[in-house]
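Since the structure comes first, as C-alpha cells, the remarks are kept for the end.
Just the heavy atoms: all of them, side chains too, but no hydrogens, waters or symmetry mates, feed the values below.
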Amino acid sequence: MKMTEVAVKNTRVLEAYEGFVKHMKAFLDEQQFNHEEYTNFVKWADRLGRSGEIPLFLDVFVETYVLEAKYKNAPGTEPSLLGPYYEENSPLLEGSKVVIPQRSDEPGDKLKFYGNVSSVNGPIGNTKVEWWQDDADGLYSNYDSTAPDFNLRGQFYTDENGDFEVESIVPIPYQIPTSGPTGEFTFAAGYHAYRPAHIHIKFEHEGHETLITQVFFEGDKWLETDVAGGVRSTLTTKLIDKGDHKEASLNFVMRTE
C-alpha cells in the first residue's frame, strides 16, 4: 500500500491564507453580492486566467498597494511597478555612459538621462542598472512591437562614484491592453486605460535590496490619473529641451538588506 505523503506546513502561507479569508469574509458581508453578481465575477475571473492576463491585471491594479504597504515610510527611493513588460537577459553594455540599443532610425525625441545611485548608508559605486521603456508608438520590444528584440532595453554598471549617463529616446504615454478581461474591468469601473510616459529602471548591488522603480516627467497629462497608480512625486523630474535633444536627471538611493 502506498503511503500518503505528509505535508510540511508553511507557516507564512497559512498566515497569508487565513488573513485573506478573514478580509474576504468581511468584504462579502459589506458588499452583499447576489448570486448573479457572484456568478458573473467567477466567469470574469475564469476569462482572466484563460487569457493569460492575471499578471497584467495584478500589475495594474494591485502591485502599487503592495509597494505602498511595505515602503510608505521607508528610507531610500520609492519603488514603483515592475510592470508586465520586463524581459530578462537584456544586452550588457560597456561603461557607465551608454547608448541604449535602438534602431538606426529610431523614431522619437532624443533623450540624455543623468543619474546617480547611492545607499542609505552613503556613496556606493559599480551598481548594476537595468533599463527598459516603450518606443515612439507606445510599444515594448519583445512584446507588441515590430522592433527587434531588446530594442530600448539594456543593462550596465554605474562608475565608482555611482554616476551614469544614458542616451535613449523620450518615452510616451500608452494605453494598457483593453481587448481582454482587464479592459472589461477597466471600462466597467469607469477608468481610462492610460499610463503616463515613464522609464523602468532596476538597480542591484550586493548587500542591498533590489530597487525596481520608474521615472516620470513633469507636465504629463496622465500623471494624476495613472491607471496603475504607479506615479510617485519623488520619481517625477523635469524634461529640459536642449534643441536637438531633451535632458532629464534623477538620483536614486538603495536600501540595505
Side-chain angles (χ1 to χ4, degrees), residues 52-53 55-56 59-60 63 79-115 117 127-159 163-180 182 193-204 210-217 220 222 226-228 230-231 235-237 239-250 252:
E53 287 191 5
L56 171 65
D59 283 344
V60 173
E63 186 177 355
S80 191
L81 315 176
L82 175 68
Y85 299 119
Y86 173 68
E87 190 74 12
E88 295 182 341
N89 303 315
S90 61
L92 180 61
L93 311 174
E94 281 192 33
S96 59
K97 299 179 180 181
V98 301
V99 178
I100 291 295
Q102 54 194 277
R103 293 163 286 193
S104 59
D105 57 347
E106 190 70 44
D109 294 331
K110 300 301 180 186
L111 171 68
K112 289 186 179 181
F113 185 89
Y114 303 90
V117 185
T127 297
K128 183 180 178 182
V129 183
E130 197 162 356
W131 173 296
W132 68 103
Q133 64 171 93
D134 67 344
D135 61 22
D137 292 319
L139 304 175
Y140 284 82
S141 63
N142 299 68
Y143 287 87
D144 45 11
S145 171
T146 58
D149 284 353
F150 298 106
N151 194 62
L152 299 176
R153 300 175 183 269
Q155 49 188 311
F156 52 90
Y157 286 84
T158 66
D159 67 16
D163 295 322
F164 67 93
E165 298 179 16
V166 177
E167 291 186 24
S168 186
I169 64 163
V170 178
I172 68 166
Y174 64 84
Q175 181 174 262
I176 65 169
T178 58
S179 60
T182 300
Y194 280 90
R195 296 220 62 211
H198 59 276
I199 297 163
H200 295 268
I201 312 184
K202 177 181 178 183
F203 302 97
E204 295 178 273
T210 296
L211 172 60
I212 298 169
T213 195
Q214 298 179 14
V215 175
F216 304 90
F217 304 101
D220 192 303
W222 304 109
D226 176 15
V227 65
V231 176
L235 301 178
T236 304
T237 188
L239 196 58
I240 302 171
D241 193 341
K242 293 291 186 177
D244 62 343
H245 71 279
K246 295 184 179 180
E247 289 186 0
S249 63
L250 198 65
F252 306 89

How about Trp131 and Gln133: does a side-chain donor come under 3.5 Å of a side-chain acceptor?
yes
Can Gln102 and Asp135 be counted as having a side-chain donor-acceptor contact under 3.5 angstrom?
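No pair is found: no donor N or O on one side chain lies under 3.5 Å from an acceptor on the other.
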Heavy-atom side-chain proximity of [X] to [Y] below 4.5 angstrom:
X	Y	result
Asp226	Pro196	yes
His200	Tyr86	no
Pro173	Asp220	yes
Pro91	Phe150	yes
Ser80	Thr213	yes

With side-chain contact (heavy atoms from CB on, under 4.5 Å) as the criterion, how do Phe217 and Thr237 come out once you've worked through the C-alpha distance, each side chain's angles and the decisive distance to 0.1 Å?
CA-CA 5 Å; Phe217 304 101; Thr237 188; 4.0 Å; yes
Closest non-hydrogen atom pair between [X] and [Y], with its separation:
X	Y	value
Ile169	Ala136	CD1-N, 3.9 Å
Arg103	Glu106	NH2-OE2, 2.7 Å
Ile172	Asp134	O-OD2, 2.7 Å
Pro79	Leu211	CA-CD1, 4.1 Å
Ser96	Asp163	CB-O, 3.6 Å
Ser141	Pro148	CB-O, 3.4 Å

Atom pair [atom1] ([X]) and [atom2] ([Y]), whose distance is rounded to the nearest 0.5 Å:
X	Y	atom1	atom2	result
Lys112	Ser168	NZ	OG	13.0 Å
Phe164	Phe156	CZ	CZ	5.5 Å
Phe113	Ile201	CZ	CD1	4.5 Å
Leu81	Glu63	CG	CD	5.0 Å
Glu88	Asn142	CD	CG	11.5 Å
Asp109	Leu239	CG	CG	8.0 Å

Trace of the side-chain contact (heavy atoms from CB on, under 4.5 Å) decision for Leu93 with Ile100
CA-CA 8 Å; Leu93 311 174; Ile100 291 295; 4.1 Å; yes
Report yes or no: does Thr127 contribute a side-chain atom to a donor-acceptor pair with the main-chain N or O of Thr158 at less than 3.5 Å?
no
Is there a donor-acceptor pair closer than 3.5 Å between any side-chain N or O of Gln155 and the backbone N or O of Ser90?
yes
Should the heavy atoms of other residues, nucleotides or ligands under 6.0 Å from NZ of Lys202 be counted, would the total exceed 12?
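Yes, the 6.0 Å shell around NZ holds more than 12 heavy atoms from other groups.
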Out of Trp222, Tyr85, Tyr174, which residue meets the ring pair (Phe, Tyr, Trp, His ring centres under 6.0 Å) rule with His198?
Tyr174
Decide side-chain contact (heavy atoms from CB on, under 4.5 Å) for Ile199 and Leu111; before the verdict, give the C-alpha distance in whole Å, the side-chain angles of both, and the deciding distance to 0.1 Å.
CA-CA 11 Å; Ile199 297 163; Leu111 171 68; 3.9 Å; yes
side-chain contact (heavy atoms from CB on, under 4.5 Å) between Arg195 and Gln214, worked out
CA-CA 12 Å; Arg195 296 220 62 211; Gln214 298 179 14; 3.2 Å; yes
